[in-house]
Amino acid sequence: MLHPRARTMLLLALPALIIGIASSLILIVVMKVASTLQTLLWTSLPLQLGVRFDSPAWIILMLTLTGVVVGLVIRFSPGHAGPDPALEPLIGAPVAPSALPGLIIALIVGLAGGVSLGPEHPIMAVNIALAVYIGSRLLPRVDMLDWTVLASAGTIGALFGTPVAAALIFSQTLSGNQDVPLWDRLFAPLMAAAAGALTTSLFFHPHFSLPIPHYGQMQIADIFSGAIVVAIAIALGMVAVWCLPRLHRLVHKLKHPVLILGVGGFLLGILGAIGGPITLFKGLDEMQQMAFSQIFSVSDYLLFAIVKLAAVVVAAACGFRGGRIFPAVFIGVALGLMLHEHVDAVPAAITVSCSILGLVLVVTRDAWLSLFMAAAVVPDTTLLPLLCIVMLPAWLLLAGKPMLMAWRNDK
């Protein structure tokens, strides 16, 4: 009863479901373990010792020790806990399975210890490696790229709690073959993304949306305001793009990973002491605290954005295992709230969404993902036309510019 095209799509349906569920479960377990360890390090232990968790001394001590522990894991684990994330895109080549235990431990310690990176890059690497390793043995006729795509889609669905982001991303990466319709190629990845998103929703719901006042009808002036906000966000992000490879080259002259990450942890501790606990960790829970609080001023928001940006550069340059998308969203929120407080005539919905769009675009150079993150944090459909319009000058500004990555020829 089914057309041969339909039978071809169904061949990967069951593997896609399994991979999507497994990708989500791996993410959930890692996040639960990291959350438990974070509670121990930042709540239970300070209470037992009679110190404040937000004191500068405790923040510096915890981040320094986190750097040393991650350095020891990378130094002594097989495969050095995977490749340096500063040198890799979000979706990269599969790593050796032997490197995965060290990579997971380094990720958990970094997340719990307060490092300003998200889980997306290591989780993506783990899921791709497992999918390729197991899938190529069970179904050797399936190409390694297909396993990579399914694992990537399942992970993206699990991370964001929806298959929409995966649909947007893979609609451009899978559009090369004109002989096969796009939705034929998207069928299995979307199946994996949906399975990952639904599995994640059974355990927790990723909270991206913020209580931003509703945006009314779009005005011509709002387009110019949004374009200016995007340009400011891009300018701030390009400072990080310039700094990251140079700092990466500088700190890696120390050679030994324990020393590099110990120094990096100490620097992160100093930044955390300056910005406070709200500038620590991956940034999603912290941006909720920042948006709901009514006590911060323009200077506070600016401080949060600059400290978080510096922390992301330091963490990535020193080799902490983590991703840069979630912290970029925090920076965008802080910058957007600062710009709205500074010029309150521009609605917060515009400043926040456009700041996120610009920062995520600098980090990922993916227009669809940038639009998705901006719309996820400020879920207002009346903003979509404006975001699509201001994406055009943003894309022009970044055309040909380097990404937020270190140089591969560093010595």
Side-chain angles (χ1 to χ4, degrees), residues 2 4-33 73-74 76-85 87-108 119-159 163 165-167 169-170 173-174 176-177 179-180 183-200 202-203 321 323:
L2 293 176
R5 278 175 49 195
R7 290 197 295 268
T8 300
M9 286 185 278
L10 283 176
L11 284 175
L12 285 176
L14 182 58
L17 283 173
I18 295 172
I19 289 174
I21 293 170
S23 298
S24 177
L25 291 176
I26 291 172
L27 171 66
I28 290 167
V29 170
V30 168
M31 297 305 293
K32 292 291 186 182
V33 173
V73 171
I74 293 174
F76 293 106
S77 63
H80 300 295
D84 185 349
L87 300 170
E88 300 290 330
L90 177 62
I91 302 174
V95 302
S98 60
L100 300 186
L103 178 57
I104 293 174
I105 294 171
L107 170 62
I108 290 173
E120 59 273 20
H121 186 278
I123 290 294
M124 185 73 73
V126 169
N127 290 339
I128 289 174
L130 290 175
V132 170
Y133 180 79
I134 298 173
S136 60
R137 281 155 179 77
L138 295 178
L139 297 173
R141 292 186 179 181
V142 179
D143 189 78
M144 184 178 74
L145 180 60
D146 291 328
W147 296 120
T148 300
V149 169
L150 291 180
S152 304
T155 305
I156 292 171
L159 283 167
I169 293 171
F170 288 106
T173 59
L174 298 178
N177 187 354
D179 298 329
V180 182
W183 279 91
D184 282 21
R185 299 192 296 276
L186 279 176
F187 183 85
L190 278 183
M191 185 79 73
L198 290 173
T199 304
T200 297
L202 295 176
F203 295 90
R321 293 333 191 220

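None of these values were measured; they are calculated from a predicted model.
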Does [X] reach the side chain of [Y], with side-chain heavy atoms less than 4.5 Å apart?
{"X": "Met191", "Y": "Leu12", "value": "no"}
{"X": "Val126", "Y": "Val30", "value": "no"}
{"X": "Pro163", "Y": "Leu198", "value": "no"}
{"X": "Pro15", "Y": "Trp147", "value": "yes"}
{"X": "Leu190", "Y": "Phe170", "value": "no"}
{"X": "Pro189", "Y": "Leu150", "value": "yes"}

Which heavy atom of [X] sits nearest a heavy atom of [Y], and at what distance?
{"X": "Ala151", "Y": "Met124", "value": "O-SD, 4.5 Å"}
{"X": "Ser152", "Y": "Ile91", "value": "OG-CG2, 3.4 Å"}
{"X": "Pro101", "Y": "Pro97", "value": "CD-O, 3.6 Å"}
{"X": "Ala129", "Y": "Pro94", "value": "CA-CB, 4.2 Å"}
{"X": "Gly323", "Y": "Pro122", "value": "N-CD, 4.1 Å"}
{"X": "Ala16", "Y": "Ala188", "value": "CB-O, 3.4 Å"}

Separation of [Y] [atom2] from [X] [atom1] (nearest 0.5 Å):
{"X": "Ile123", "Y": "Ser24", "atom1": "CD1", "atom2": "OG", "value": "10.0 Å"}
{"X": "Ile21", "Y": "Ile28", "atom1": "CD1", "atom2": "CD1", "value": "10.5 Å"}
{"X": "Lys32", "Y": "Leu25", "atom1": "NZ", "atom2": "CG", "value": "12.0 Å"}
{"X": "Arg141", "Y": "Asp146", "atom1": "CZ", "atom2": "CG", "value": "14.5 Å"}
{"X": "Ile19", "Y": "Ile128", "atom1": "CD1", "atom2": "CD1", "value": "10.5 Å"}
{"X": "Leu130", "Y": "Ile26", "atom1": "CG", "atom2": "CD1", "value": "5.0 Å"}

Passing option when Glu120 is tested against Ile156, Leu90, Thr155 for side chain to side chain contact (heavy atoms under 4.5 Å, CB included): Leu90

Thr200 side chain vs Ala158 backbone, donor-acceptor pair below 3.5 Å: yes

Residues, nucleotides or ligands: over 12 heavy atoms within 6.0 Å of Tyr133 OH: no

Step-by-step side-chain contact (heavy atoms from CB on, under 4.5 Å) determination, Ile74 to Arg321: CA-CA 9 Å; Ile74 293 174; Arg321 293 333 191 220; 3.6 Å; yes

